[in-house]
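Notes for the one structure printed next.
Whatever order the structure lists them in is the order used to number ligands and atoms, beginning at 1. The model shown is predicted, which means the values in this text are computed figures rather than measured ones.
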Amino acid sequence: MDDKAKETLQARREKVSRVHRMKSMIVFTLILWVIVSLLLMIFLSVKVVMLSQDVDNLKKVILSSSGSKTSKKANGNNTIQADQELLMQNSAEDNLADANDTLKVYLTFDDGPSDNTDRILDILDDYNVKATFFVNGRTDDHSKKMYKRIVKEGHTLGMHSYSHKYSEVYASLASFKKDFEKIQNLLYDVTGVVSTYYRFPGGSSNRVSNSDMSEFIKYLNQQDITYFDWNVMCGDATTSGYTKDDLVENVMKDVVKYKTSVVLMHDAADKDKTVEALPKLIEKLQQKGALLLPISEDTTLIQHVSLSSK
Ligand SMILES: [Zn+2]
């Protein structure tokens with residue numbers, strides 16, 4: 001090999017090792033970047049959890065220090081409502097079950113009556129179980145028959161608004177009152193019973209209503225009407241995406257947590273799976289030793305939100 005060839009070889013070797021070094025640098029930088037990003041993500045996640053705890057604590061402090069009064073701007077115009085009552089988020093702590101508590105389970109059916117109401121009433125009759133029906137306003141013969149059957153067979157007849165149209169029911173206090181009176185009067189005319197139980201369409205914590213829910217809650221309180229939300233959902237709010245066994249499982253995994261469980265179910269016309277799930281659900285609950293009861297004055301209140309004062 002002559003000198004020139006040696007020099008070329010040397011130069012090539014240096015070039016190769018330079019490329020090698022650069023590659024290593026790039027890989028190292030990438031790895032470092034990934035590690036730093038991961039650490040940052042973990043740090044931020046922890047921070048978010050801590051902040052949301054702070055927010056919860058602050059809410060509690062505000063609720064306990066400001067008492068029942070707060071002021072809020074009314075929707076639309078600029079008048080200030082000075083005596084607006086504060087809505088309280090209710091916690092379930094008192095309702096947590098110990099291993100040897102007898103579970104009280106209140107099955108509740110919303111959005112009926114329909115043909116499925118008939119089928120559900122048959123099943124409840126077979127098992128001699130009483131439940132609660134939060135009904136909407138319907139004036140056809142079959143619906144009237146269902147209202148009567150619910151009462152006659154010892155179930156609780158509750159109201160779930162006449163129209164179930166959020167935009168109407170929650171449009172204003174006046175329209176809420178109108179809708180409320182319409183359903184209460186219909187049920188009284190058909191069954192002779194003054195229903196004193198109510199379930200808000202969407203629940204008391206619904207985010208659909210543009211109006212302040214405290215107005216409606218206050219009104220129901222004044223009328224001596226007790227509203228119930230739910231703490232257990234069977235999962236039949238949609239019409240598909242679940243099996244009847246899913247519905248049973250959803251209830252069974254949650255009822256064991258509470259002394260009192262109010263179970264949200266539906267008896268609308270398209271809720272066939274709820275009907276099909278019911279026998280197995282009742283059997284499983286009875287095997288657990290649960291008491292299946294209709295809502296009454298003795299029922300522990302299950303409300304998502306309530307007024308801080310009446
Ligand atoms: Zn409903």
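- Among Leu107, Val275, Asp115, Ile150, the one residue that satisfies the side-chain contact (heavy atoms from CB on, under 4.5 Å) test with Ile120 is Val275.
- Among the backbone and side-chain atoms of His266, none of the N, O or S atoms lies under 2.8 Å from the Zn ion (ligand 1).
- Other residues, nucleotides and ligands place no more than 12 heavy atoms under 6.0 Å from the CD atom of Glu297.
- When Asp111, Thr239, Asp110, Leu247 are each tested for a side-chain contact (heavy atoms from CB on, under 4.5 Å) with Lys271, only one passes: Thr239.
- A salt bridge between Asp272 and Arg119 is present, with a side-chain N of the basic residue lying under 4.0 Å from a carboxylate O of the acidic one.
- Look at Asp111 and the Zn ion (ligand 1): an N/O/S atom of the residue is under 2.8 Å from the metal.
- Of all N, O or S atoms in His160, the one lying closest to the Zn ion (ligand 1) is NE2.
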